[in-house]
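What follows is a set of notes on a single structure, which appears directly below.
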Amino acid sequence: MHSHTNELVAATTNLIAKGTDTGVKIRMDAPWMGFMRTIAGQIIGTGAILTVVFIVIAAIVWGGAKAFGAGHAQNIGVMGVIIGIIVCVLLGSAASMVMYFTGFNLFA
C-alpha cells in the first residue's frame, strides 16, 4: 500500500515541478460579475459593521465586569474584543487574500 502512495506523491511532485499549465484562465467579463462584486462588497461591509458592534458590546461587558469585580465576565469581554479584532482584520484583508491565493485582482 505504501508503494502506491509513494508513486502518487512522486507523480504529483513531478507535475508540480514541471509547472504544468492547465490552460484555465480567469475571465472577469461575465454579465453578472458586477452584481456579484456589489453583493460581496455589501456582505463584507455588513460583516465589518456587525463586528464593530460586537466589539463595542464586548468592551462594555469587559468594562462593566472590571467595575463590579466579576472576573469571569472580564475574561469573556477580553476574548470578545480579541475575537472581534481578528474577524475585522480577516474581513478587511479578504480581497488581498483572494488576490494572493488565486492571483487575480478583485478591484480591476
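This one's a predicted model, so the numbers in the text were calculated from it and none came from an experiment. Residues take their numbers from the sequence shown, with the count starting at 1.
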Seminar exercise, completed: Residues at least two apart in sequence or cross-chain that pass side chain to side chain contact (heavy atoms under 4.5 Å, CB included) with Ala30, listed by chain then number, are Trp32, Met33
Distance-only donor-acceptor hits, side chain of residues 43-58, under 3.5 Å, sequence neighbours excluded:
unit_1	atom_1	unit_2	atom_2	d
Thr46	OG1	Gln42	O	2.8
Thr51	OG1	Gly47	O	2.6

Show the atom names and distances, to 0.1 Å, of all donor-acceptor pairs under 3.5 Å that link a side chain in residues 73-93 to residues at least two apart or in another chain.
unit_1	atom_1	unit_2	atom_2	d
Gln74	NE2	Ala65	O	3.4
Ser93	OG	Val89	O	2.8
Ser93	OG	Leu90	O	3.4

